[in-house]
Structure formats: structure tokens, C-alpha cells
Amino acid sequence: MSIHEECGVFGMISNNTTDVGQMIYYGLYALQHRGQEGCGIVVNHDGLFSSHKDLGLVSEVFGKENLAKLPQGEMAVGHVRYGTTGANNRSNCQPIEVNHQKGRMALAHNGNLSNAAKLRDELELSGAIFHTTSDTETIAYIITKERIKCGSIEDALTNAMDILQGAYSLVLMSPQKLICARDPHGFRPLCFGKTKDGSFVVASESCAIHAVGGEVIRDVEPGEILVFSRQENGIKMQSIQRHCYKEERKICIFEYIYFARPDSVIDGISVHSARVSAGRELAKEHPVDADMVIGVPDSGLDAAIGYSLESRIPYGIGLIKNKYIGRTFIAPDHRLDQVRIKLSAIEDVVRDKRIVLIDDSIVRGTTSGRLVKLLREAGAKEIHMRISAPPFLHPCYYGTDIDSEEHLIANKHTVSEIAELIGADSLGYLPVEKLGCLMQERYPDYFSGYCSACFDGKYPTEIPTDTRKDRFEMPLSQKEKK
Ligand code: AMP
């Protein structure tokens with residue numbers, strides 16, 4: 001399996017503004033939580049592309065100077081990238097640009113293909129040379145190959161979607177068009193909207209559309225391709241639906257639990273409300289006598305409100321996060337230190353209290369253990385840990401970075417053993433069969449509408465046989481030993 005692409009994409013086609021690069025910059029800023037490893041912007045000016053990409057946060061990569069260097073233009077695409085250890089090099093930064101006889105293309109991608117290894121092998125055997133270890137290059141190759149046979153880039157993308165499997169939310173730019181597409185299961189979010197001057201924007205999450213002063217029109221449907229082009233009387237939008245409604249809708253449930261920003265609305269469901277529902281369900285499933293409910297900032301806060309509302313135990317702010325630190329998990333090293341650097345307890349709030357502590361997930365158990373210790377040191381009398389997701393048991397092939405199975409604490413220990421290991425007085429997870437509570441308002445049937453393979457092992461597509469993360473970086477001799 002290639003590196004994880006748990007990323008954010010943003011695109012804009014302007015009606016009359018020319019500072020598209022700047023708009024993408026603000027859009028990416030709003031999507032920074034989706035990836036902190038690297039980012040990039042490609043601007044289209046009169047059909048020519050100019051770009052800047054690098055490792056680092058949006059504010060670092062696009063300091064005043066680099067942003068000012070981007071030319072004025074009519075369209076642009078951008079990307080924030082999440083990277084895992086081993087693959088954090090500049091060449092994996094997106095959007096990737098392709099120059100081909102049939103035209104130019106810039107491509108930004110969120111998700112992981114589940115048949116990436118197979119496709120890449122086939123392409124390499126037919127002479128393709130890859131410069132990155134990311135699935136995005138595979139997608140670009142396949143679109144380009146199809147483009148040779150097709151009359152238009154959108155036809156090439158439509159054909160490519162017959163071949164691609166797994167998760168992809170794409171924003172693509174040709175000299176004349178801005179195109180976006182979502183895989184037929186709709187694993188990763190993608191939506192579009194309009195700004196006041198009639199420009200169209202496409203984004204991984206609705207919060208980014210709002211950030212540039214736009215209004216959300218709707219989510220891109222699973223399997224849908226949208227093509228935007230500039231006409232004399234404004235921007236024309238075309239929807240291609242050949243891949244729609246063929247597969248079951250399978251949005252990643254972890255987007256609601258952890259990944260997305262709470263002010264985003266994905267597939268018609270508010271992420272904040274979904275988390276509050278999970279907290280309420282958790283209170284019903286695992287009630288406890290306590291004095292205060294506190295959430296782990298940031299993604300545990302909304303579920304903590306839900307737990308408090310349902311249990312009528314007061315909600316309090318017991319943990320403070322250093323605002324200038326990104327998601328611990330995203331920076332791969334020194335995690336133990338980072339919990340302490342990132343979070344601290346308010347002694348005055350937690351001292352002598354029986355605390356219900358809500359977090360979104362336990363992976364290895366390191367964070368929870370550290371948090372329990374922090375609260376004990378601050379004087380908490382009892383700590384009852386509640387997790388607004390089921391135990392992680394399986395790998396994800398669609399872009400969520402989940403540790404390998406042998407490192408997942410829930411694969412090695414029972415719930416009561418984990419409670420003991422992290423030092424909590426009790427521990428309760430959201431049961432896997434109750435995950436639907438996150439989406440119930442839109443999909444009343446608990447068993448459809450989302451992918452929860454990381455919790456239940458039910459994969460909506462075929463899964464790869466060779467899952468080594470560094471497979472594409474290996475010498476051929478080792479690759480063959482699979
Ligand atoms: P651990 O310390 O290994 O148990 O990690 C748990 C913490 O990692 C939780 O507080 C989550 O917020 C965070 N987390 C879980 N899964 C992910 C993920 N796929 N990407 C980033 N952060 C995650």
C-alpha cells in the first residue's frame with residue numbers, strides 16, 4: 001500500500017477576480033487540519049500553469065513572498081497533505097502537474113486507491129516511470145492514458161473511473177476547465193459552492209467554502225464528475241453521472257468522529273451534531289456516577305457536550321490545548337512529549353472531582369494514558385474514560401492513517417485490560433452497532449451509508465494483498481518477495 005492520502009483539496013474557477021492563488025491560500029488554511037505535512041497551489045493563467053509546493057504548514061510554505069510570487073489567474077487548485085513516516089519528501093507534495101502532448105493537467109487528490117499497487121505494477125510494466133510514491137500519480141497516469149483515446153479530459157476521467165477503485169475525491173485543472181470528482185462510494189467528502197462574484201469553489205469540506213466568503217451549493221454526489229468552464233455569460237457547470245448510484249454510499253465514518261472540522265457539513269450532516277449524537281449514545285451505553293464531563297480538545301469536545309446533555313452531568317473545561325500546536329498524531333515523532341506540550345489540566349476545575357473524560361479514539365493508548373496521568377496529577381478523584389468511537393481493530397485502505405494491526409491496543413487487550421493499562425477507573429467505547437447514531441438524521445438505517453471497516457473489518461471494495469507501507473520505495477528484489 002502506498003502512503004496515506006488523508007488530505008484536503010481546494011479548487012476555484014473565477015468569474016472576474018484574478019487573485020485565485022490568494023483565495024486558494026485561504027481555502028487551504030481552513031483545511032489545514034486535514035494535513036500538515038505539506039501543501040501546494042497551482043495557478044492557471046491563460047492556460048499556463050505556475051505553482052509552488054513544499055513541505056510545511058500553509059502559513060510556512062506561503063509566507064508573504066511565495067504567495068506574492070503566484071501570478072494572477074482564472075483558475076487554481078490547492079492541496080494540503082498528510083504524510084506518514086518514510087514518505088515525507090517534497091516530491092509527494094501536491095497538486096501534481098502533468099505535461100502531455102494532449103495537454104496540461106494539475107491534480108489534487110484526497111483518499112487512497114484500494115487497487116493502487118495493482119495499477120502501478122501494470123503501469124510500470126508498460127513503461128511508466130513514477131516520481132512519487134503517492135496514488136495521485138497513478139491516477140494522473142491513468143487519466144492521461146485515457147486522454148489519448150478520448151476527445152475531452154472529462155471523458156478521460158469518466159473512463160479512468162472504471163479502472164480506479166477505493167477512495168478518491170479529486171480536483172483537477174486543465175487549461176480550460178476546473179473538474180472535480182468523487183469516487184462512486186463517496187468515501188471522502190467533497191462539496192462545491194459559489195462566491196458572491198459568481199466564481200465557483202470546490203473543497204474537501206464546507207468550512208473552506210465559508211472561509212472564502214462562499215455559499216455551499218451541495219456535496220458532490222458519490223460517482224459524480226462536475227465540469228466548470230468559463231463562458232461569455234459566466235461559468236457553466238456540467239454534471240456527469242455515469243458512475244453515480246451504482247455503488248452503496250460509504251462515507252468514512254471517521255470523518256465525523258475525528259477527521260473533519262466540527263463546523264463542516266458533510267453529505268448533509270453537521271459534523272458537530274454527529275459528534276454530539278455520539279456523546280449522547282455513549283452516555284446511554286456507558287452511564288457513570290460523576291461530577292463533571294470534560295472533553296479532550298479538540299475532537300472530543302463535541303461528544304463531551306453530548307454526554308453531558310444526555311447524562312445531565314455538568315460539562316466543564318478541564319483540559320486546555322496550546323492553540324499553536326497541530327494535531328499530535330500528524331507529527332510522527334516524539335508523541336509522548338507532545339501530549340504534555342499540547343495539553344494541560346486546569347487544577348481548580350478537576351481537583352477532587354469524579355471526571356468523565358471523553359476522547360474520539362484510542363489507537364495505541366499512549367494519549368489516553370498520558371491524559372489520565374495529567375488529570376490525576378491535577379487532583380481528579382476518579383477518571384472514567386469514554387470513547388466516541390468503537391475500538392480500532394483493522395487497517396484502512398481508503399486513506400485514514402491507522403496504525404498497523406499489531407500496534408492497535410484493542411487487538412491485544414480487553415476493554416478492562418485497556419482501562420487498567422491507561423490507568424482509568426472505567427472505560428467505555430461507542431459500540432460498533434451504534435455508529436449509525438452519527439448519521440441517523442439522514443440515514444435512518446444503521447447499517448448503510450458509511451464505511452466502518454476500521455472497526456468491523458467490512459470493506460466495501462476488494463482490498464490489497466500487499467499492504468507494506470513502504471512497498472513503492474523498495475528495491476525490486478524485495479518487492480518480488482511478497
Ligand atoms: P493513541 O495515543 O495512539 O491512542 O492515539 C489516540 C489519539 O490519536 C486520539 O486522541 C485521536 O484524537 C488521535 N487519532 C486517532 N486516529 C487518528 C488518525 N487517523 N489521524 C490522526 N489522529 C488520530
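Predicted, not measured: the structure shown is a model, and the values here were computed from it. Values below: all heavy atoms of this structure, side chains included; hydrogens, waters and symmetry mates excluded. In listed order, ligands and their atoms are each counted from 1.
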Trainee: With heavy-atom distances below 4.0 Å as the criterion, list the atoms of ligand 1 near Ile362.
Mentor: 4 (O)
Trainee: Just heavy atoms, cut-off under 4.0 Å: does Tyr258 contact ligand 1 by side chain, backbone, both, or neither?
Mentor: side chain
Trainee: Let me know which of Arg188, Lys250, Arg182 forms a salt bridge (charged side-chain N to carboxylate O under 4.0 Å, His left out) with Asp267.
Mentor: Arg182
Trainee: Do any N/O atoms on Val363 end up under 3.5 angstrom from N/O atoms on ligand 1?
Mentor: yes
Trainee: Go through ligand 1 atom by atom and flag the ones less than 4.0 Å from a non-hydrogen atom of Asp359.
Mentor: 9 (C), 10 (O)
Trainee: For ligand 1, which atoms, with element, lie under 4.0 Å from some heavy atom of Thr400?
Mentor: 19 (N)
Trainee: Go through the side-chain N and O atoms of Ser388 and Tyr307 and say whether any donor and acceptor fall under 3.5 Å apart.
Mentor: no
Trainee: Closer than 4.0 angstrom, basic N to acidic O: yes or no for Arg218 and Glu224?
Mentor: yes
Trainee: Using heavy-atom distances only, which candidate in Cys454, Cys396, Ser361 approaches atom 15 (C) of ligand 1 most closely?
Mentor: Ser361
Trainee: Sequence neighbours excluded and cut-off under 3.5 Å, please list the side-chain donor-acceptor pairs for residues 419-427, or say none.
Mentor:
{"unit_1": "Asp425", "atom_1": "OD2", "unit_2": "Arg376", "atom_2": "NH1", "d": "3.4"}
{"unit_1": "Asp425", "atom_1": "OD2", "unit_2": "Arg376", "atom_2": "NH2", "d": "3.0"}
{"unit_1": "Asp425", "atom_1": "OD2", "unit_2": "Ile383", "atom_2": "N", "d": "2.6"}
{"unit_1": "Ser426", "atom_1": "OG", "unit_2": "His384", "atom_2": "ND1", "d": "2.7"}
{"unit_1": "Ser426", "atom_1": "OG", "unit_2": "Arg386", "atom_2": "NH1", "d": "3.1"}
{"unit_1": "Ser426", "atom_1": "OG", "unit_2": "Arg386", "atom_2": "NH2", "d": "3.2"}

Trainee: Taking the six-membered ring for Trp, are Phe254 and Phe392 ring centroids under 6.0 Å apart?
Mentor: yes
Trainee: With atoms numbered from 1 as shown, which atoms in ligand 1 lie under 4.0 angstrom from a non-hydrogen atom of Gly365?
Mentor: 1 (P), 3 (O), 4 (O)
Trainee: For Arg280, is there an ion pair with Glu310 - N to carboxylate O distance below 4.0 angstrom?
Mentor: yes
Trainee: If the cut-off is 4.0 Å to any non-hydrogen atom of Thr366, which atoms of ligand 1 fall inside it?
Mentor: 1 (P), 2 (O), 4 (O)
Trainee: List the residues meeting side-chain hydrogen bond (donor to acceptor under 3.5 Å, both in side chains) with Glu285, not counting sequence neighbours, and say none if there are none.
Mentor: Lys434
Trainee: Please state whether Phe254 comes within less than 4.0 angstrom of ligand 1, counting heavy atoms only.
Mentor: yes
Trainee: Can you check whether Ser368 has an N/O within less than 3.5 Å of an N/O in ligand 1?
Mentor: no
Trainee: Examine Arg364 against ligand 1 and note whether any of their N/O atoms are separated by less than 3.5 Å.
Mentor: yes
Trainee: Strictly below 4.0 Å, N to O, side chains only: are Lys381 and Asp352 in salt-bridge contact?
Mentor: no
Trainee: Asp360 heavy atoms, cut-off 4.0 Å: which ligand 1 atoms fall inside?
Mentor: 11 (C), 12 (O)
